Asks: 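Below you will find the structure I want to go over with you.
We count ligands from 1, going down the list as the structure has it; atoms in each ligand are counted the same way. Note that the structure is predicted; figures quoted are calculated from it, not measured. As a basis for the values below, the full set of heavy atoms in this structure was taken, side chains included, without hydrogen atoms, waters or symmetry mates. For the single chain, residues carry numbers from 1 onward in sequence order.
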Amino acid sequence: MSTLPLRDPTLLETRALINGEWVGSAGTYVVSNPATGQVIAQVAAMDIDHAKGAIDAAHAAQPNWAAMTGKERAAILRRLHDLMVANADDLAMILTAEMGKPLAEAKGEVLYGAAYVEWFAEEAKRIYGDVIPGHARNSRIMVLKQPVGVVGAITPWNFPNAMLARKLAPALAAGCTMVARPSEQTPLSALAIGVLACRAGVPAGVLNILPNRRASEFGQLLCSHPKVAKITFTGSTRVGAILMEQGARTIKKFSLELGGNAPFLVFDDADPEAAAEGALLAKFRNNGQTCVCANRFYVQSGIHDAFVAALARHMSNLKVGDGLREGVTTGPLINQAAVEKVETHVSDALAKGARLTIGGARHPLGGTFYEPTLMTGVTQDMQVARDETFGPLAAVIRFDTEQEAIAMANDTEFGLAGYFYASDLSRVWRVAEALEVGIVGVNTGLVSTEVAPFGGVKQSGMGREGSRYGIDDYLEIKNVVIGLAAR
Ligand code: ADP
């Protein structure tokens with residue numbers, strides 16, 4: 001077992017948070033560092049009875065939590081934000097150790113997650129209803145916004161801190177309570193948030209976090225339990241669809257952030273240097289393991305060679321290694337299956353005529369490290385164009401006309417993020433409107449911020465996280481029609 005050099009070792013919690021108590025279990029499982037294979041912790045493996053207890057606790061706690069004023073809930077969330085920021089170095093260390101991304105990126109994620117908590121702490125006070133003029137002389141109509149109730153949250157491993165923060169912040173701000181199930185691979189970041197939530201004064205039962213390796217059983221329970229009103233999930237489209245089916249019988253509400261297959265278009269009127277810098281960010285953040293990562297680069301013929309040369313130059317500066325090491329920009333992939341997926345995409349593309357510019361093999365460091373890879377001559381029929389690689393492979397497809405590029409960009413069942421570089425104003429409007437996605441980056445490779453709505457169209461999901469729209473996912477609208485006495 002490796003010991004992490006934390007300033008506050010109590011943040012490395014390995015038990016479940018249920019009804020304000022830290023609860024252990026008979027069975028445990030190992031969480032290890034994907035860069036080194038070293039064991040970081042033995043984590044409690046909670047079972048279904050624990051989950052049922054957590055749902056009961058969340059259900060019992062919800063009315064009192066909702067009865068607090070927005071300002072009272074805001075004060076608690078604000079304290080949670082401040083604690084996340086104050087402990088950002090430790091939270092980042094835990095995150096890098098369990099997930100692999102470089103320490104600086106992990107700290108960025110922690111501050112990004114904290115920013116959602118701050119944002120929704122502020123929004124807790126602004127859950128406005130409406131007064132509608134009556135439909136008859138002696139009536140008035142009020143619209144109340146009320147919390148949906150208990151929320152089941154299922155989060156993935158690629159942003160172990162921020163994906164939970166992005167869900168618990170609006171849920172708690174709205175007056176909902178939560179039962180969260182973090183990815184079995186990365187439960188420690190979620191549990192550390194739980195430690196800080198308790199310190200911030202989140203009441204017992206309001207936030208419950210259960211590590212376990214029983215993904216499908218927990219999902220089934222959360223989706224079918226009558227006391228759970230809503231499911232918020234970030235993960236694959238495949239699992240999102242399973243959850244919707246399981247929630248159908250009890251008419252669960254859903255917020256789903258699912259898979260992407262982001263196109264990144266570079267037009268002849270773009271600046272190739274700026275486009276390559278944006279491409280590097282959009283492709284290689286988190287080593288390609290984000291659902292908004294660029295997956296397909298469509299580059300117009302006139303700028304193709306300049307863009308490819310600039311991107312190759314930027315990529316050659318990436319430093320692959322253990323994320324806890326100074327200067328490393330690119331960590332390992334999460335597991336062997338992830339490496340195999342990149343290998344499959346590379347070999348499929350090569351077999352169908354694509355060419356390697358750089359990379360194309362496992363990294364000499366071994367383990368789950370893979371070389372940053374750039375391919376040209378990619379076409380729509382290759383696997384990389386159809387399916388999210390979720391790894392460090394930049395695949396370049398050449399095009400001639402704007403129409404052709406948009407048709408190829410939209411030729412997918414996914415619709416999360418899309419990016420393009422162009423300078424002509426009319427083109428900027430045309431392409432931004434034409435891309436079938438929920439998030440567009442124009443002349444930028446970074447689109448995630450708590451102040452803007454994050455979410456997808458088509459099979460990339462439903463609902464939005466962040467911005468003033470984000471709280472709507474956790475609120476019901478109640479129509480109150482008032483009859484007035486005749487005068
Ligand atoms: P990813 O490719 O990001 O791992 P998944 O959709 O497989 O995407 O996983 C996202 C989260 O959903 C993880 O916490 C995982 O453990 C969980 N999960 C996987 N399968 C199921 C399932 N059948 N029901 C509920 N949760 C699941």
Side-chain angles (χ1 to χ4, degrees), residues 16 29 31 34 43 45-48 51 54-55 95 98-101 109 151-168 178-191 193 208-225 228 230-250 252 254-262 285-293 295 332-342 344-345 368 387-391 413-414 416-417 456 459-462 465:
Y29 72 96
V31 173
V43 176
M46 308 313 285
D47 61 32
I48 285 297
I55 293 171
L95 204 167
E98 68 177 340
M99 188 270 153
K101 73 179 63 172
E109 177 185 335
V151 176
I154 300 175
T155 54
W157 52 263
N158 62 343
F159 289 89
N161 176 298
M163 293 303 103
L164 181 60
R166 239 161 61 159
K167 297 179 184 334
L168 75 84
M178 179 168 272
V179 177
R181 193 236 164 232
S183 164
E184 60 276 23
Q185 281 152 297
T186 57
L188 298 169
S189 293
L191 294 169
I193 292 180
N208 306 272
I209 305 172
L210 287 82
N212 61 84
R213 280 203 294 194
R214 300 167 184 263
S216 51
E217 273 177 81
F218 268 67
Q220 169 72 45
L221 177 74
L222 289 171
C223 288
S224 59
H225 200 295
V228 177
K230 178 190 172 82
I231 299 293
T232 174
F233 170 74
T234 298
S236 62
T237 297
R238 181 186 71 80
V239 173
I242 293 173
L243 298 177
M244 280 185 90
E245 277 184 41
Q246 291 173 343
R249 226 174 255 281
T250 49
K252 289 284 179 281
F254 279 97
S255 290
L256 302 172
E257 300 288 356
L258 307 177
N261 180 5
R285 195 162 66 100
N286 211 14
N287 203 9
Q289 303 172 111
T290 89
C291 46
V292 292
C293 270
N295 199 50
L333 288 163
I334 188 70
N335 54 29
Q336 286 298 337
V339 182
E340 281 157 22
K341 184 159 194 195
V342 183
T344 308
H345 280 190
T368 58
D387 182 22
E388 202 175 21
T389 309
F390 235 62
E413 66 270 31
F414 299 106
L416 188 54
Q459 291 184 33
S460 289
M462 58 184 75
E465 292 186 326

Asks: My understanding is that only residues two or more places apart in sequence, or in another chain, count here; which of them pass side chain to side chain donor-acceptor pair (under 3.5 Å) with T232?
Replies: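 In terms of side chain to side chain donor-acceptor pair (under 3.5 Å), with neighbours along the sequence ignored, T232 is linked to K167, Y474.
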Asks: Taking only heavy atoms of the protein into account, state which residues are under 4.0 angstrom from an atom of ligand 1, in chain and number order.
Replies: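 Contacting ligand 1 under 4.0 Å are I154, T155, W157, R181, S183, E184, A215, S216, G219, F233, T234, G235, S236, V239, L243.
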Asks: Do any N or O atoms from the side chain of E217 and from the backbone of I48 form a donor-acceptor pair under 3.5 angstrom?
Replies: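 Looks like no, no N/O pair under 3.5 Å.
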Asks: Can you name the nearest heavy-atom pair linking F414 to T237, along with the distance?
Replies: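 Between these two residues, the closest heavy atoms are CE2-OG1, 3.3 Å.
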Asks: Side-chain donor-acceptor pairs under 3.5 Å in residues 178-185, sequence neighbours left out?
Replies:
| unit_1 | atom_1 | unit_2 | atom_2 | d |
| --- | --- | --- | --- | --- |
| R181 | NE | N212 | OD1 | 3.0 |
| R181 | NH1 | E184 | OE1 | 3.4 |
| R181 | NH2 | E184 | OE1 | 3.0 |
| R181 | NH2 | N212 | O | 2.9 |
| R181 | NH2 | N212 | OD1 | 3.4 |
| S183 | OG | Q185 | N | 3.1 |

Asks: Please list, chain by chain and in numerical order, all residues satisfying side chain to side chain donor-acceptor pair (under 3.5 Å) with E413, sequence neighbours excluded.
Replies: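 Listed in chain order: nothing, the list is empty.
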Asks: When you compare the side chains of T389 and N295, does any donor N or O come within less than 3.5 Å of an acceptor on the partner?
Replies: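 Side chains of T389 and N295: pair found under 3.5 Å.
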